[in-house]
Structures are given as structure tokens and as C-alpha cells.
Amino acid sequence: MAPRWLQDFRDGTADQADLLGGKGANLAEMTRMGLPVPPGFTVTTDACRAYMAGDGALPHGLVAELDEAVVRLEDTRGKQFGDASDPLLVSVRSGARFSMPGMMDTVLDLGLNHETVKGLAEASGDAHLAYDSWRRFVEMFAKVVLDVDAAIMDDVRSTHLEWAGVADPSELDTDAAHDLVVAYRSAVEGAIGRHFPDDPREQLQAAVAAVFRSWNGRRARDYRRMEGIPDDLGTAVNVQSMVFGNLGDDSGTGVVFTRDPATGEATPYGDFLLAAQGEDVVAGIRNSEPFGALADHFPDCHAELLDVLDRLEERYHDMCDVEFTVEQGRLWVLQTRVGKRSAPAAVRIAVELVDEGLLEPAEAVARVQPTQLERLLHPGFDAEAAFDVLTTGLGASPGAASGHVAFTADEAEARAADGESVILVRPETSPEDLHGLISAVGVLTSRGGLVSHAAVVARGIGTPAVCGADELVIDLDAQRMSVNGTVVEDGDLVSIDGTTGEVVLGEVPVVVPEPTPELARLLDWADDLRRLGVRANADTPEDARRARAFGAEGIGLCRTEHMFLGDRLPIVQRMILEDGDGHWAALDELHDLQRADFEAMLEAMDGLPVTVRLLDPPLHEFLPDLTELRIAEATDGLDDAGQEVLAATEHWDEHNPMLGIRGVRLSALEPGLYRMQVRALMEAAMARVAAGGTPRPHVMIPLTVSGPELAAAVAEAWDVIEEVVDGTELDVRVGTMVETPRAALRAAELAPHADFCSFGTNDLTQMTFGFSRDDVEARLMPVYLQRGLLPADPFATIDVDGVGRLVELAIEEGRAAAPDLEFGVCGEHGGDPASVAFFDRAGLDYVSCSPFRLPVARLAAAHAALAAGDAATVPAISREA
Ligand code: PEP
Ligand code: MG
């Protein structure tokens, strides 16, 4: 009868990732492909789920199945568990459906005890290796499986290291390693109150249970929350026969990507370490050689491995990474998965795989996550800026950042929570540092390569990182680091560039790169797939030009208040302060300035819609601060002009300005303001027509709440439009924003008066939640998110259940009243991938977002279309390990 809770590698396939985890499914697939995989079996996620639902015992029947699987493994390997002459040893590793690198526990060299260690010494001909492996096993098993306090083990270890006068336990000679194991074991037995388990079968059962438990460890839970991985999937456990990369100079170990994970270049990229175990490479403990060095040490293995890499790419249609070991001149592949990569690499690889005939364009589009693109246009150091490079490491995760140095993850987390930008500096990081990596704006390590923990995690979360900056001497006790005589203290400001690897003392200006040709091609494919239109929020001609270069199909929101600042402020103040002629003269001046602004915007967006929102903010925003004026009056007194300003400021002062005189309400109290803006826009359009252009001016009225209110504003606008346009054929439209719950609920009432409706989801969120967008986000939101009171910040990702419900209702009722009514969104959510997916489902016509987020919105809109329609083009093989 086939076992219920586990499956041998040779019986599985790549599409079983739900059951076997990504790693297990890929081990099965490689075994099926005939690649040199050490044999083994996978305990399924079913077993993990049953374990989690139970009372702490392994699910019924699993113990017997483990015994039988071990017998099959013994037959395949020709070695026995517990054999005192040539023992079978196994590794026990977690492997969930989705990759969670380093988040769960691993036990290596399982099967060692007093007897088998002698067998290993004999069979390998290397007594030191055998006792050192036993030492590692006991350490790992105590920590991971028996849950012994690390301090107990640390004490024993330091005493023995001191006696032997060495820094690292691997430097202990064979006898000293043996002594350390004996001391460890008695410390462990004191802590757990029973014998250290020596029966390999018992060790295996306990290790499997421990890996199951690590699914719910803090690291793993934090990581899942960050990555949005469900908590109830459980992990599989891979039990694999051990091979040794540390059997002397004819052995070694490494990690290789089929392509460069930082740039995407199509040449294998990785690290290799002679005479070492796999964990040494990943932990970045010793500085490794580049992958190419494998060809010098082991030309045959190198050639064989290149062939393996080709076959994996052909099978997975993607870049893969591989952990390999050379044991006494023989190549073994220990695991593979679809490799993590930087955002630029993701784009380049997807596009080149299409060129190589391995992918369809739609599949390439599906391969790149919109959130990755957010990172692609990451800033780098401004090459024009003058700065002294303190030192250089590996550019491990792209992007540049400045922040204050923190030397521990806890410190980084605490200071980031207080609003400080922090650069986490460590010799190397481990999974325990995850919370610090997440909190920091950048990561700097003195050790480790591009596949070290810090590099992999930073790339995954899009945090700039410089790794392996080995000139840095970090003194964790003193909380300082030094490099070539320069000392950097805790809290000092440093900058890092994760593309070039440069580290600088102080702050460095940054620049944002232009999109690459590969990105342009990918986005062209995305454009062919998407249904949603994509426009930009742009307030200046320069923004408009940049937006067009980033693929904007028009301007969805031009906030005209941004044209009222700077040297124009005094004119605006005169408009507010003065009555009669002075008021109208100020409006005339503003008219001329706005007309020139609009003409340039219409030119930059010729042929595309330019949606100009009439003035929105409360007028006090253009006046001085009332408290300061009152203080000035009380201390030095104010002249007549000052008194006038004070009176106006008092007049426009409001207790709750965001719910006060703003938006369309201004037009009721500020005669001529909206007429002036519409006239300026239409005259600009006519000037563009005269210049041979095709202007498409759209007028947008903010913050409406009722039909009559909108009707009055629209009538006023059309009055001016007709007068200026005077029969010229033009695509002019007048529409409104939907920013209040009432406007959404009464969309049917607004629809007959509007050519279009654009959801202002910033205000709509503010007013639906009653959360002030200026106060709540910074102070309350972090607490709410941390306590799980909200699933996400509703100002960043649309609240589908509440605000989204209003959006759906408005579309439904608005279109019932006016079937052709166009709907868009121009709040910040227009550039957020999860929100874009919702807007596509809700049937919006377009989203509008800031120019830099346009590539993200275009790709997100394509993903939404794929999810809605032909997602079947994406292959079903396991993409994760
Ligand atoms: C909105 O409210 O979503 C909007 C786009 O307007 P603003 O952010 O300028 O209030
Ligand atoms: Mg608004």
C-alpha cells in the first residue's frame, strides 16, 4: 500500500508543490529527470497539518512509514542507519509551498551517535570530519529539536574554545571536538532531564516534529505576514541522504543561479567553497570563490553542472538556483528552485526568455510582479554629486538609502518605529534579524556574498543592501565600526548604494534611473493585455512630459492648487483679501499665469485628455498661520496691511477645514474663481488649436455632494466654455470627483450632469473611515496594523469591503442612470497593485497615479486582466521552493 504521509523523491513530480512543498516537488522532478540528486523522501504538508491539528504527537501511522522509508533509502544507498562501519546519515529540511528562506529549521548529519561517528571516521578516512560533524549535529539537534536554551550551549562552547585556545569550534582537533560533544550532551541531558536520543530512528521522528513546529515559530510567522503567505498551509519535510562537501580538497559546495540574479545577464552566477558544507556558503561565514573557480578545481563537475543548469531552465522555463556539493570528485545536486532575483533581473530575464522561445509574452508579463517594478525605478547615488566613498562592498540589492547606523535588529526596529531612517549594520545577518531587515531603509554587512542571508532577504523585500564590505571592522560590543581609520558610531548618518556597493559617511543625493529597453518591451506587452486605461496625476508640464514617457494615456488629475504657490502666493492672497477691483485684478493675473501653465500641459499631452481639477483646498492654506499672526500682533503689533491679513485669516479659519469650505463649495463663496480657471483652460486649448494641436481639456469639479450643487457648477463651466470655444470642434468634458460617501451613494443623482466621474479615494477613504489623512496615518496606523485591527493601511491599499463597496455602488447606480458615464480613480490607490486589481474587477475605465508609479499601474492592470481572463497561459509547474 502506498504510504499516506510521505513520498519517495522518485515517485513525485514538480506539480505536487501543494503536497510536497516547493523544494520537495523540485527534488522529485530532478530525480525524475535523472539528475544526480541524493535519494530521499518528503513528509507531506498533509502530515504537518495533521500534526498542527493534533495533540503534539506525529499523525497516526507516520512513525511506521518513516521506518519503512528509511529501509527503502538504506537499500538505495547501500548504507544502514546506525551502522558502526559506514552509516547512513540524512539531512532533515523544511520546504513549504512558498519559499521561506532560512525561516524554518534544518538538522544535518542526523544519525550520528557514539557508534556511527566511528563508522563515519572510518568510511571517510577523516576522523576530524566525523567528530566535527557530530559536534555540529549535537549543537543543531539541541537547539532545534530539544529546544535547549542557546545560553547553555554557548557557555559550554566558550569554555572549551578557551581551553583549546581557538576561535571557532571547527578549529578544535579531533579529541577536543569529542570532549566538546561529551560536555554538550551532559549539559543537554541536565536541561531536558533525560538521555540524549541516540537511536537514529528516534532522532528522525523528533526532527520531523521539530520542523513541523518551526512552521509556527516567530521568524516564520513574521515572514508569512510580510509575504502574505497563509498560515494554514503547513510545511513539508525533506529527508535526504547526506553527501559531504567537506571531505578534503577533492570536495566542496556551492550555490549557483542559472543567470545573474542581480542583473539578469544570461551567465551562471554563484559562489563556491572548497572543502566546506553548504551551510557555510549560505551563512557567508567564509569568503567564497566565484562560481567559475569550480572549473579550475573540478572541470568535469563544472561541465556536468552547466548541463544540469541548461536542463533545469528548459524544464522550468525560468532562471533557477541550485545548491550543489562535490563529494570526492562526484557532483550532487541538493536542491533547486526558481531563483529569487532583483527587479531589474526579473524584467530582463522575462524578456530574454521570450526571445529564447521559452516563454510567451503574456507569461513574461505574469512573471514580473508589479511591486517589483516599484523597486526597479529605485534611486541610486547621483553621479554628479561629490562624495567620498568610505568603502565598497557587493551591490547586493539595488536602490540607495541614507540612514542612521544601528547595530542590532532590535535597535533598528525600535528606532524605525520612532520614525528614524535606519541602516542596519551587521557582520552578517541571520533569520533572527528579519525584523531589523524589514524595519531598516538599508542593510550593510561586512561578510557574506550575493547569496548570503542579508542579500537574499534584502532583494526579496526591496531594501537596498551592500554586503561583504570586508574593510569594515564592526565592534558590536562597542557599537561602532571602523574602516581605514574612520570610526562610525551608533546613530551616525551613512548612505549606501545597493547597485554599486558604495558606502559613504553622511547623506548623498540620489537620482532615479530611466526605464530600460527591456522594461519598455515588457510594458508594451502589458499594454496589449490590459483593459484599464492608465493616466497620470501631474501638475506641471515637466511632470506631464515625464508621465507621457512612462506611458500615460493622459492626465487624470492636475491639482491646480500646486500652481498657486511660490511667487504666485501674494497674488492668491490679494484675491482672497481684496474686494472689488483688487479682487478682480488678482484673478486676472492668476488667469494669465494659469493659461500659460495649461497651454504647456496640453502641449505635452497633445491628443490625450488633460483633466484639470478646479481649486480644491480650503483657502486658509494660502494664508499665514493664525497663531503666528496673533503672536506677532501681541508682541510687535501689526500695521494696516498686517491687520487686514489677520482679519482675513480669522475669517477663513475653520475648526475642521477638511470638512469645511473647500472643493466646489469655494465657488459659492469666491465669485469668479472657477470661471477664471475654466476660461484659462479653454483659452489655452484654443491657442493649442491655433498652433495645430489637438487639445482635449477636461474640467473636473471637486468634492461635490449633490445633484443641484454639481448642476450649478457644471452650468457655470459650460457657460464659459461655450463663450470661449465658440463652436470650435473640441473634446471638452466636464465631470466631477466622487470623494464623499454621499456622492458615491447618490451617483445616480450626479450622473446626468457629469461627462465623467473620478473617484478621489484619498478623501473617500478619509471620510468613510472618519480617519484624518494628515494625522491618523503616521500615528495611529502603525499601532492598528501591528495589533491586526486593520489588514492594511487603507490610504495605501483600497479598503475593498468599505470604500470599495461605495465605489462599486457608485459605478452600478451611476451607469444605470447614464450608461456611458466614464469612471476613473485618481487617489493614491491608482498606483497600488492590489487596488488596481480591485478597480479592474469593479469595472472602472482608468486609473490615474503619479508618473513614477505608471509602470507599476500598467503592469498591475495587465495582471488584473490576466487574472480575469486568460490566466491559463501561465504554466502550472511549481514556481517556488
Ligand atoms: C483624492 O481625494 O483622492 C484626491 C485625488 O484629491 P486630493 O488628494 O487632492 O484631496
Ligand atoms: Mg480629494
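Every number for a ligand or one of its atoms is a count from 1 in the order of the listing. Starting from 1, each residue takes its place in the sequence as its number.
- Inspection of the Thr797 and Asp832 side chains reveals an N or O donor paired with an N or O acceptor under 3.5 Å.
- Nearest N, O or S atom of Asp763 to the Mg ion (ligand 2): atom OD2.
- Residue Asp616 does not count as close to the Mg ion (ligand 2), with no N, O or S atom under 2.8 Å.
- Considering just the N/O/S atoms of Glu739, the one nearest the Mg ion (ligand 2) carries the name OE2.
- Ligand 1 is never approached by Glu828 to a heavy-atom distance shorter than 4.0 Å.
- Although no hydrogens or angles enter the test, the distance criterion places a donor-acceptor pair under 3.5 Å between the side chain of Thr560 and the main chain of Arg613.
- Interface atoms of ligand 1 facing Arg559, defined by a heavy-atom separation under 4.0 Å, are 4 (C), 5 (C), 6 (O), 7 (P), 8 (O), 9 (O).
- Among protein heavy atoms, atom 2 (O) of ligand 1 sits closest to Asp763 N, 2.9 Å.
- Annotation for ligand 1: atoms under 4.0 Å from non-hydrogen atoms of Cys826 are 5 (C).
- Below 30°, between 30° and 60°, or above 60°: for Phe771 and Phe795 the angle between ring planes is between 30° and 60°, a tilted geometry.
- A pairwise comparison of heavy atoms in Leu532 and Leu844 identifies CD2-O, 3.2 Å as the closest pair.
- Judged purely by atom type and a 3.5 angstrom limit, Arg630 has no side-chain atom pairing as donor or acceptor with the backbone of Asp625.
- Under 4.0 angstrom from ligand 1, there are no non-hydrogen atoms of Gln766.
- Among Thr740, Asn762, Thr765, the residue whose heavy atom lies nearest to atom 3 (O) of ligand 1 is Asn762.
- Where the criterion is an N or O separation shorter than 3.5 Å, residue side chain and backbone included, Arg613 meets it with respect to ligand 1.
- For ligand 1, the atoms sitting less than 4.0 Å from at least one non-hydrogen atom of Leu557 are 5 (C), numbered in the order shown with element in parentheses.
- Taking the six-membered ring where tryptophan is involved, the planes of His829 and Phe839 are perpendicular, since the angle between them exceeds 60° and thus also 30°.
- Counting heavy atoms closer than 4.0 Å to ligand 1, residue Leu764 contributes nothing at all.
- A cation-pi arrangement is present between Arg535 and Tyr846 under the rule of less than 6.0 angstrom and at most 45 degrees off the ring axis.
- Atoms of ligand 1 found under 4.0 Å from any heavy atom of Glu739 (numbered from 1 in listed order, with element): 1 (C), 2 (O), 4 (C), 6 (O).
- Between Arg548 and Asp543, none of the side-chain N atoms (NZ, or NE/NH1/NH2) sits under 4.0 Å from a carboxylate O, so this pair counts as no salt bridge.
- Glu542 CD: 12 or fewer foreign heavy atoms inside a 6.0 Å radius.
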